[in-house]
Number of protein chains: 2
Amino acid sequence: MQSSETLSTQEKIKAAAREVFIKKGYVAAKTRHIADVAGINLALLNYYFRSKEKLFHIIIMETLAELFDTFEAIIKNPETSIPDKVRLMVTAYLDTLVVQPDIPLFIINEVNRNPKLVIQDLKINERIQSEHFIQQWSVFAAKNGIPTQHFIHILVNTVSMTVFPFLAKPVLSEVFGIKDRDFVDFVIQRKQFIPTWFDVIVQSYKQKPL
Amino acid sequence: MQSSETLSTQEKIKAAAREVFIKKGYVAAKTRHIADVAGINLALLNYYFRSKEKLFHIIIMETLAELFDTFEAIIKNPETSIPDKVRLMVTAYLDTLVVQPDIPLFIINEVNRNPKLVIQDLKINERIQSEHFIQQWSVFAAKNGIPTQHFIHILVNTVSMTVFPFLAKPVLSEVFGIKDRDFVDFVIQRKQFIPTWFDVIVQSYKQKPL
DNA sequence: AAATTTTTTAATCATTTGTTTAATTTTTTT
DNA sequence: AAAAAAATTAAACAAATGATTAAAAAATTT
């Protein structure tokens, strides 16, 4: 076990690569910058990881894996209701993103740059398609009068409301004067609000179907 | 007046630059690629626009200006109610984005890369702060029991639900099998749904305040 | 038609950037 | 301690890239 001051060279490079790639994106990230941040000689990057591309692949895969681990654990839990799962999901992701606010733009950029990446190397389809969750949603939807095709809309709404503020952060900052500290408060408020809005949208189907 | 086949060299460069910058982003866009798409000699790009940076600045400013023209026109219209404005806004932007789906990621990337750009060169603050709109929202919020601080949340929700699907398009495509044609249908459905969800969220404040 | 200006082109420059090489230092094994 | 292996470094390479230059071609003005 190593202390945080005595990371191995490999670990220093990975930590620096994670920081730089997530902040700048693949194209704008430069190997010399990563080497500087890691405090190592440039050649060591290729010595340990062969190429920028290969190093990047490791970083984005680890980042995506962490996010999907959370997702998978929550939707596959047989103990929680659908609204519980939404609340857990929103809370988990907002807690993560508050301390790593650059992750959404990073992921979205790289998935757009290479869409096959997601489905090929990670086997997301298998991981997302949980029998339990599909079944649970069907029951929930039926009980609330929600048409099957609306699953994707409601899912997109929830993810949108959770993730989009991090993409729009500079706009909120410059146009609405929401500085870093205010932004954290703003996001913390949404941990409560978003699950409520989810409920409100769901309830609306019972009252008057769209 | 020139026909579309006989654009001036300047116009050909701008059209190509718009296409390439929006598709690739500033860093990944290469001047030689822009020149190729425009069908002109590379040196002409610098002859007419001095530098890649200056050309880019023109493109992003024009793109932002178009989007804000729409926004300004809608919120400053004294004839329409708040729900009307939401509906008009959602419809206008979804219609635009269906034919130019790469714009959201382009804007978000470049605003994140240089946040000052938005507030400095465009004077967005002045344009957004409409006395009429602020007044109208105050009345609307009071009538529906919406706390003042929730304005920003509800605005962010509406924009999130409208814009985010275009950022997540490859995920929807690869993970949920929503191909190009399906995506257009999906977005068209949301032209109706999002204003309804806005109403639903607003209504929820009357019934039981958060 | 001649002169002048504008536009276009091919070639080149200077810098950046990902990667490699060969030598040196450090660590591990014998 | 000697030998072998692993890690590190400085230097350099090759390709890509934004920009410039000087000459040629085209258009405009005189």
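Side-chain atoms are counted along with the backbone in the values below, which use heavy atoms only and exclude waters and symmetry mates. Quick note on labels: first sequence line is chain A, next is B, and so on, each numbered from 1.
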Asks: Does A/Tyr93 reach the main-chain N or O of A/Leu67 with its side chain, forming a donor-acceptor pair under 3.5 Å?
Replies: yes
Asks: Take the protein atom CD of B/Glu11 and the nucleotide atom P of C/dT7, then report the distance between them rounded to whole Å.
Replies: 13 Å
Asks: Rounding to an integer number of Å, can you tell me how far A/Lys30 NZ sits from C/dT19 C1'?
Replies: 14 Å
Asks: Separation of A/Phe21 atom CZ from C/dG18 atom C1', in whole Å?
Replies: 11 Å
Asks: Which of these nucleotides, C/dT8, D/dT9, C/dT19, is closest to any side-chain atom of A/Leu44?
Replies: D/dT9
Asks: Quick check on D/dT8: is either OP1 or OP2 less than 4.0 Å from any side-chain nitrogen or oxygen of A/Tyr48?
Replies: yes
Asks: Using a strict cut-off of less than 4.0 Å between a Lys/Arg side-chain nitrogen and an Asp/Glu carboxylate oxygen, indicate whether A/Glu110 and A/Arg113 qualify as a salt bridge.
Replies: yes
Asks: How close or far is atom C1' of C/dT7 from atom CD1 of B/Ile40, stated in whole angstroms?
Replies: 12 Å
Asks: With respect to the side chain of B/Tyr47, which nucleotide from C/dT8, D/dT20, D/dT8 is positioned closest?
Replies: C/dT8
Asks: Parallel, tilted or perpendicular, judged at 30° and 60°: which one describes the rings of B/Phe140 and B/Trp137?
Replies: tilted
Asks: Need one value for B/Ala29: base, sugar-phosphate or nothing, where a base atom within 4.0 Å counts as base even if backbone is also close, heavy atoms only.
Replies: sugar-phosphate
Asks: How many Å lie between CG on A/Asp36 and C1' on C/dT17, as a whole number?
Replies: 13 Å
Asks: Does a donor on one side chain sit under 3.5 Å from an acceptor on the other, for B/His57 and B/Asp121?
Replies: yes
Asks: Tell me which nucleotide among C/dG18, D/dA19, D/dA10 gets nearest to the side chain of A/Lys52.
Replies: C/dG18
Asks: Categorize B/Leu42 for me: base, sugar-phosphate, or nothing, with a 4.0 angstrom heavy-atom threshold over every strand shown.
Replies: base
Asks: If the plane angle is over 60° it's perpendicular, under 30° parallel, otherwise tilted; pick one for A/His150 and B/Phe193.
Replies: tilted
Asks: Among the nucleotides C/dT8, D/dA19, C/dT20, which one has an atom lying closest to any side-chain atom of B/Arg32?
Replies: D/dA19
Asks: By nearest atom, which of the nucleotides C/dT20, D/dG18, C/dT17 is closest to the B/Thr31 side chain?
Replies: D/dG18
Asks: The side chain of B/Ala43 lies closest to which of these nucleotides: D/dT9, C/dT19, C/dT9?
Replies: C/dT9
Asks: Give the rounded distance in Å between these two atoms: CG of B/Asn41 and P of D/dA26.
Replies: 14 Å
Asks: Take the protein atom CZ of B/Phe56 and the nucleotide atom P of D/dA19, then report the distance between them rounded to whole Å.
Replies: 13 Å
Asks: Nearest of D/dA7, D/dA10, C/dT19 to any side-chain atom of A/Asn46?
Replies: C/dT19
